[in-house]
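Everything below concerns the one structure shown next.
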Amino acid sequence: MIISDSQRMWFTTQLLSYYKLSGRTLPWRTDSNLYKIWVSEIMLQQTTVKTVIPYYEKFINAFPTVLKLSAASLTEILLLWQGLGYYQRAKNLYLGSRIISEIYQGAMPGTLNEWLKIPGVGLSTASAILAIGTNQYHTILDANVKRVITRFFTISSNNHPSKYNKTLWEVAQKLTSKEEPGDYAQAIMDLGATVCLNRNPECGKCPIHLHCKAYISNSVQNYPEKINRKPKTTYKEVCLLIRNQHNKYLFVRNDKNKLLESLWQPPTFPWPETNKIPTLDSINGLFTLHYPEFRSGKIVTLSKITHDFTHRTNDVYPFCIHTETKKNPTGTWLEIEEWKSIPVSTLYQKVLKAYLSVEQS
DNA sequence: CAATCGTGGTA
DNA sequence: TTACCAAGATT
C-alpha cells in the first residue's frame with residue numbers, strides 16, 4: 001500500500017482538526033500524567049469507555065500515584081477491579097507498579113523498550129502511552145484504528161491473517177502524524193468510537209469520508225472483516241454454599257484456573273455429565289470425592305445460574321450444604337453478606353445475590 | 001498462532 | 001434470544 005506524504009498530511013490534518021473541534025472530554029485527559037494514562041490504557045483494553053470511567057475514577061482515587069499502587073495489596077486492587085473483567089490486567093498493573101517503583105525508583109519509563117517490559121503492555125499500548133503522554137512518534141493499532149483504515153483503504157485479509165496484520169501496522173504507521181502523534185492517536189480513536197462505528201457508522205459526520213474507499217463504494221458494512229469464532233460450548237459446574245454452625249459460609253480463592261484467577265468464590269466442582277443436570281442424589285458421589293469433610297448435614301437445591309463468557313457459557317448449579325465441621329479448610333468462613341469484603345467475579349456475585357434473595361423470602 | 005481471557009451493550 | 005464486539009496481550 002503506497003501512501004504519499006501529501007495523503008498523510010491531508011489525513012492527519014483532517015483528523016487533528018476534527019479532534020480539536022469535537023474530541024471527547026475524558027477523565028484521563030484532564031490533569032494527566034504517564035501513570036494515569038497507563039492505568040487508563042490497561043483498563044480500556046477490550047473494554048468500552050463508558051464501562052471504564054467509574055472504575056478509573058475509583059482506581060485513581062485509591063491509588064493516585066504509582067508508588068501508592070505499588071504499596072497496595074493485590075486484594076485491594078482486585079476489590080476495585082471486580083466486575084471489570086480480564087483480571088490478569090489488574091495483576092499486571094500491580095506487577096508493573098512494583099517494577100517501576102523498584103527499578104525506576106518511581107519514575108515512569110520514557111522509552112518504548114522499557115514499556116514493553118512492563119507486563120500487560122504490548123506494542124499498541126506502549127505506543128499509546130508514549131504518544132499520548134509525551135508526544136513521542138509512535139503508532140497505535142487498536143480496534144478503532146483497524147476499523148477506520150480498513151474502511152478508508154478497503155483492506156481485506158484474503159485469508160492471510162498474518163500478512164493482514166502486518167499491512168495494518170504499516171498503513172497505520174504511514175498515516176501517523178509526525179508533528180502531533182499524541183493528538184493524532186486520540187483523534188483516530190475518538191473517530192472510531194463516536195463516528196466510524198462498527199454498526200451504523202455516521203459517515204456524514206466523518207471528516208475523511210469523501211476519500212474513504214468503503215464509503216465511496218457503499219461497502220462500509222463489509223469492513224473490518226468479521227472474526228470467525230469457535231462455537232460456544234457450555235460448561236456445567238456444581239457450586240456449594242457450605243454453611244457452618246456459626247452461620248458462616250466457606251469462600252475459596254481460585255488459584256487453579258486461569259479464568260477468574262485470584263478471585264474468591266464458593267467452592268465448586270465440574271459436572272461432567274453433558275445431558276444430565278446435577279440433583280441432590282447425583283452429586284453425592286462427586287461431593288464425597290471433592291469435599292469429604294462436609295458430607296454431613298442437610299442439602300438444599302437452588303436454581304441454576306447461567307453466565308455467558310465470550311468463549312463459553314457457564315451453567316452453575318448451586319446447592320446449600322449445612323455442616324458442622326471443626327476442620328479449618330483452605331479458604332475462609334464469612335457471613336453471607338461479607339462477600340463484599342473480598343474480590344468476587346460477576347458470575348459468583350450473581351450466584352450469591354440469587355441465594356440471598358431466596359434466603360430472605 | 002489460534003485460543004484464551006470478562007463483562008455489558010447492542011441489534 | 002443469540003451473536004457480535006470493545007483503547008489487546010499472552011502463550
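Predicted model only: the values in this text are computed from it and were never measured.
A gap of 22 Å separates the C1' atoms of C/dA6 and B/dC1, to the nearest Å. Taking atom P on both nucleotides, C/dA7 is separated from B/dA11 by 15 Å, rounded to a whole Å.
No hydrogens or angles considered: a donor-acceptor pair under 3.5 Å links the side chains of A/S262 and A/K91.
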(message) Counting primed atoms plus P, OP1 and OP2 as sugar-phosphate and everything else as base, spell out the protein contacts along nucleotides 4-11 of chain C at 4.0 Å heavy-atom distance: B, S or - for each nucleotide, 5' to 3'.
(response) -BBBBSS-
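Using bins of under 30°, 30° to 60° and over 60° for the plane-to-plane angle, the ring pair A/Y249/A/Y355 lands in the perpendicular bin.
For A/E102, the side chain to side chain contact (heavy atoms under 4.5 Å, CB included) test picks out A/R98, with sequence neighbours left out. Legend: residues meeting side chain to side chain donor-acceptor pair (under 3.5 Å) with A/T332, ordered by chain and number and at least two apart, are absent. Every residue meeting the ring-ring contact (aromatic ring centres under 6.0 Å, His included) condition with A/H307, not counting sequence neighbours, appears here in chain and number order: A/F309.
A 4.5 Å side-chain heavy-atom check between A/R89 and A/T47 finds at least one atom pair inside the cut-off.
Nearest-nucleotide mapping onto DNA chain B: of A/K230 and A/K258, the residue sitting toward the 5' end is A/K230.
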Enumerate donor-acceptor pairs with a distance under 3.5 Å from any side-chain N or O in residues 194-203 of chain A to protein atoms, sequence neighbours excluded.
unit_1 : atom_1 : unit_2 : atom_2 : d
A/T194 : OG1    : A/Y18  : OH     : 3.0
A/T194 : OG1    : A/D190 : O      : 2.7
A/E202 : OE1    : A/K205 : NZ     : 2.7

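Nucleic acid contact for A/L84: base, since at least one base atom lies under 4.0 Å from a heavy atom of the residue.
In the 5' to 3' direction, nucleotides of DNA chain B lying under 4.0 Å from heavy atoms of chain A begin and end at B/dC1 to B/dA11.
Salt bridge annotation for A/E170-A/K174: absent, with no cationic side-chain nitrogen under 4.0 angstrom from a carboxylate oxygen.
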